[in-house]
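Data block below; observations after.
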Amino acid sequence: MSKEDRFNLDGIEKNRAKLEQAIVDAKKPPDRSSQKLAALTNLPWLIAGVAALLWYCLK
């Protein structure tokens with residue numbers, strides 16, 4: 001943004017619109033699909049832990 005547009009009413013309105021859009025986007029709930037994928041990546045560790053615990057207890 002140039003210095004002339006910075007203090008111009010059009011520049012101020014554009015910045016206000018960007019700010020309002022950012023506020024609306026920040027209030028949206030996050031996407032939950034990435035959390036499910038992260039949980040699936042931990043599944044082999046969980047299976048290995050349960051198997052080790054069973055092996056230790058039933059030995």
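Just so it is clear, the model here is predicted, and its values are computed rather than measured.
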Distance-only check: which donor-acceptor pairs under 3.5 Å involve side-chain atoms of residues 49-59, not counting sequence neighbours?
none

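In terms of the side chain to side chain donor-acceptor pair (under 3.5 Å) criterion, Glu20 has no residue partners (sequence neighbours excluded). Residues meeting the side-chain contact (heavy atoms from CB on, under 4.5 Å) test with Ile23, sequence neighbours left out: Leu19, Lys27. Partners of Asp25 according to the side-chain contact (heavy atoms from CB on, under 4.5 Å) rule, which considers only residues two or more places apart in sequence or in another chain, are Gln21, Lys28.
Under the 4.5 angstrom side-chain criterion for Ile, Leu, Val, Met, Phe, Trp and Tyr, Trp45 has no cluster partners at all.
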